[in-house]
Each structure stands twice: as structure tokens, then as C-alpha cells.
Q: 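Before I ask anything, let me first share the structure, which is written out below as C-alpha cells.
If you're wondering where the values come from, they're calculated on a predicted model, not measured in any experiment.
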Amino acid sequence: MTRPVTSRAVIVSHGQPGDPGPQQQAIEDLAARVAACDPGCAVAGATLAMPGALAAVAGDDSLIYPMFMAEGWFTRSELPRRLAQAGAGGARVLRPFGTDPALPGLIVAQAHAAAAAQGWAPGDTTLLLSAHGSQRSQASFTITTALADQIAPHFARVVTGFVEQEPFLADAAQGLDHAVSLPFFALRAEHVLDDLPEALDQAGFTGPRLDPIGLAPEVPALIAASIRAAL
């Protein structure tokens, strides 16, 4: 069976069920920035939390780019189920943002720039990498730990902390010197706005606090490159 020609790529995120408007706008804005990087097709954005948003833009001929950090049950099972419900069961789901091979280098560059602004050498700098984690799935823990091991040679050390599983961020962030905090999150949503600052404050963390890696200015071009490669 011949696959239909792709008409559109759709960037999909979870969104915020209690207040879906701001995150829906954020993913639409990201889609516009990706489209400006010439990915080879039209680009739209949809959150799963906004009623009707996915059905409005996705079809069987769509490429689905999950703006998620981990590859696991949600991307392999739940997202295809949601697509089928939206009438886009034939859409092709790409690997999520968190698995992009360019991310480790981008994270290192962001953290080194923040350290240099403080007058710290890379070899004297600790990177505090925060992620979601989960009591039900090890996907977030596994990808974050593997990433930490991969980039560890570029720092004095890399420490990981999680919102929803041990080691919890409030514990991991304690007593760190010459440390930069970088959230391994796709967007600036509830955890990034509330849970992360609260945990860092509780730990007495005084180092630079960077935006989530998904907000880095290089990200739209990374996503566009993934879409072009898939077309």
C-alpha cells in the first residue's frame, strides 16, 4: 500500500487540561517558527488538552512530531490512540523531541555559555539536569540518566533531579557549588513554572536557572530538520 503524500507536519504536546489556551498558543507559535525554517511542508501545532485541536489539523497524510522528552508508552500507544480518535489513525508518528541526536550538544553549549557568564570554566561547573520522572514509567528517568552520562565529560559533574520520582530535585539540588540548572523539558508549562522553582528555592540553589531546553532558539531548526529527513 502506497503511503499518501504528506500534506502537513503537526507538532503535538500534552498541553494543560485545566487551562488549555496558553499552551495551545505556545505550540502554535512553535509551529510557526518551525515553518519559517523551511521543513518541506506546512506545519501546525496542537495540544492534546485543547478539545478538537488535534482533529482540526491532523489527517492520515500527516507527520506527527511529538514535542515530548521521552519515548515510551505515551508515544507508542496513547498518542496513536488519540490520533485514531481524531480521524488521523494513518498518520506517521516521528521520534519525540527528547531523542533528537543534536540535543546533547545543544545542552552542553547552553550550560557552558551560562557558566562562562559567571566566570566559571567548564571543568569547574556542575550541571543540574532536571526532568519530569514518573512513578509509573521509567522512560523519563532512563533517557535523562543516559543523557547525563553522555555529557558528563564536559563538566565537573552532571547531577539529575526529578519532579515525580527519586532523586527528587529538591534533594539533588542541595549543596551544589558553581552549578547551572537546566530543565530537560520541552515547554514552559506547569512543572517548569511552579514545581522546579519551588524545589530549587527549597534546596537553596543559587546558580543560574536556564529556560527549558525546548525553548532554545536553535530548536525550531532542529525540528524542521527532523521533518525534512522524514519526508
Q: May I have the step-by-step check of side chain to side chain contact (heavy atoms under 4.5 Å, CB included) for Leu103 and Leu147, ending in yes or no?
A: CA-CA 9 Å; Leu103 271 189; Leu147 172 64; 5.7 Å; no

Q: Which atoms form the tightest heavy-atom contact between Arg76 and Pro80, and what is the distance?
A: O-CG, 3.3 Å

Q: Is it true that, when you exclude Arg157 itself, more than 12 heavy atoms of the residues, nucleotides or ligands shown sit nearer than 6.0 Å to its CZ?
A: no

Q: So do Leu169 and Leu128 actually touch side chain to side chain, heavy atoms under 4.5 Å?
A: yes

Q: Could you check whether any side-chain N or O of Gln23 sits under 3.5 Å from a backbone N or O of Arg188, counting only pairs where one atom can act as donor and the other as acceptor?
A: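 Present.
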
Q: Tabulate below the donor-acceptor pairs under 3.5 Å that side-chain atoms of residues 27-36 make, not counting sequence neighbours, or state none.
A:
unit_1	atom_1	unit_2	atom_2	d
Glu28	OE2	Gln24	NE2	2.8
Asp29	OD1	Gln25	NE2	2.8

Q: Would you check if Pro66 and Val93 make a side-chain contact, meaning some heavy-atom pair closer than 4.5 Å?
A: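 Yes; the side chains approach each other to less than 4.5 Å.
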
Q: Measure the CG-SG distance between Leu231 and Cys41 for me, rounded to the nearest 0.5 Å.
A: 5.0 Å

Q: Grab the two heavy atoms, one from Gly72 and one from Ala139, that are nearest each other, plus how far apart they are.
A: CA-CB, 4.5 Å

Q: Please check if the side chain of Asp60 supplies one atom and the backbone of Gly89 the other of a donor-acceptor pair under 3.5 Å.
A: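 Pair found, side chain donor or acceptor close to backbone of Gly89.
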
Q: Contact between Pro208 and Trp120 at the side-chain level, heavy atoms closer than 4.5 Å - yes or no?
A: yes

Q: In terms of heavy-atom contacts, does CD of Glu166 have more than 12 from other residues, nucleotides or ligands at under 6.0 Å?
A: no

Q: Quick check for you: to the nearest 0.5 Å, what is the distance between Thr206 atom OG1 and His178 atom NE2?
A: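 One gets 10.0 Å once the value is rounded to the nearest 0.5 Å.
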
Q: Enter the distance from Leu94:CG to Thr75:OG1 here, rounded to the nearest 0.5 Å.
A: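 Here the interatomic distance stands at 11.0 Å.
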
Q: Taking only residues two or more places apart in sequence or in another chain, which ones pass side-chain contact (heavy atoms from CB on, under 4.5 Å) with Pro20?
A: Ala49, Met50

Q: Give a yes or no on whether the backbone of Glu71 and the side-chain of Arg95 come within a donor-acceptor separation of less than 3.5 Å.
A: no

Q: Report whether Leu187 and Leu182 are members of the same hydrophobic cluster (ILVMFWY, side-chain heavy atoms less than 4.5 Å apart, transitive linking).
A: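 The answer is yes; both residues are in one hydrophobic cluster.
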
Q: Please check if Val10 and Tyr65 belong to a single hydrophobic cluster, counting links between Ile, Leu, Val, Met, Phe, Trp and Tyr side chain heavy atoms closer than 4.5 Å.
A: no

Q: Side chains of Pro220 and Cys37: closer than 4.5 Å at any heavy-atom pair?
A: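 Pro220 vs Cys37: side chains touch.
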
Q: Answer with yes or no whether the hydrophobic clustering places Val108 together with Leu129; edges join I, L, V, M, F, W, Y residues whose side-chain heavy atoms lie under 4.5 Å apart.
A: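 Yes; tracing contacts between hydrophobic side chains, which count when under 4.5 Å, links both residues.
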
Q: Taking C-beta and beyond as the side chain, do Leu222 and Leu106 meet within less than 4.5 Å on heavy atoms?
A: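 Yes, close enough: below the 4.5 Å cut-off.
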
Q: Is the closest side-chain heavy-atom distance between Phe205 and Pro197 below 4.5 Å?
A: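 With C-beta onward as the side chain, the pair stays apart.
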
Q: Please answer whether the main-chain N or O of Ile64 pairs with a side-chain N or O of Ser62 as donor and acceptor at a distance below 3.5 Å.
A: no

Q: Just by distance, do the side chain of Gln165 and the backbone of Gln135 share a donor-acceptor pair under 3.5 Å?
A: no

Q: Going from CD on Glu78 to CZ on Arg82, what distance comes out if it is rounded to the nearest 0.5 angstrom?
A: 4.5 Å

Q: Can you tell which of Phe97, Trp73, Phe185, Phe74 makes a ring-ring contact (aromatic ring centres under 6.0 Å, His included) with Phe68?
A: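 Only one of Phe97, Trp73, Phe185, Phe74 forms a ring-ring contact (aromatic ring centres under 6.0 Å, His included) with Phe68, namely Phe74.
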
Q: Under the side chain to side chain contact (heavy atoms under 4.5 Å, CB included) criterion, do Leu215 and Val219 qualify, and how do the steps go?
A: CA-CA 7 Å; Leu215 297 186; Val219 164; over 6 Å; no

Q: Under a single-linkage definition using a 4.5 Å side-chain heavy-atom cutoff for Ile, Leu, Val, Met, Phe, Trp and Tyr, are Ile107 and Leu210 assigned to the same hydrophobic cluster?
A: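 They do share one cluster, since a chain of ILVMFWY contacts under 4.5 Å joins Ile107 to Leu210.
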
Q: Answer whether the closest heavy-atom distance between the side chains of Leu196 and Val163 falls below 4.5 Å.
A: yes

Q: Under a single-linkage definition using a 4.5 Å side-chain heavy-atom cutoff for Ile, Leu, Val, Met, Phe, Trp and Tyr, are Val159 and Leu200 assigned to the same hydrophobic cluster?
A: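 Same cluster: Val159 reaches Leu200 through Ile, Leu, Val, Met, Phe, Trp or Tyr contacts under 4.5 Å.
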
Q: In Å and rounded to the nearest 0.5 Å, what is the OG to CZ distance from Ser134 to Phe141?
A: 12.0 Å

Q: Distance from Glu218 atom CD to Ile223 atom CD1, nearest 0.5 Å?
A: 12.0 Å

Q: Side chain to side chain contact (heavy atoms under 4.5 Å, CB included) for Leu54 and Leu83? Distances and angles first, verdict last.
A: CA-CA 8 Å; Leu54 187 60; Leu83 287 165; 3.8 Å; yes

Q: So among Thr47, Val12, Ile11, which one has a side-chain contact (heavy atoms from CB on, under 4.5 Å) with Met67?
A: Ile11

Q: Can you list the steps and then say if His112 with Phe155 is a ring pair (Phe, Tyr, Trp, His ring centres under 6.0 Å)?
A: CA-CA 9 Å; His112 280 180; Phe155 300 93; 4.9 Å; yes

Q: Looking only at heavy atoms, which two atoms of Leu176 and Ala172 are closest? And how far apart?
A: CD1-O, 3.7 Å

Q: Could you go through Ile143 and Phe184, starting from their C-alpha distance and side-chain angles, then the distance that decides it, and tell me whether this counts as side chain to side chain contact (heavy atoms under 4.5 Å, CB included)?
A: CA-CA 10 Å; Ile143 191 173; Phe184 190 58; 4.1 Å; yes

Q: Quick check: closest heavy atoms across Pro153 and Asp149, and the distance to 0.1 Å?
A: CD-O, 3.8 Å

Q: Looking at every heavy atom in both Ala91 and Gly59, which two are closest together, and how far apart are they?
A: CB-O, 3.5 Å

Q: So which atom in Gly123 and which in Ala156 form the shortest heavy-atom distance, rounded to 0.1 Å?
A: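 Gly123 and Ala156 have their closest heavy atoms at O-CB, 3.3 Å.
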
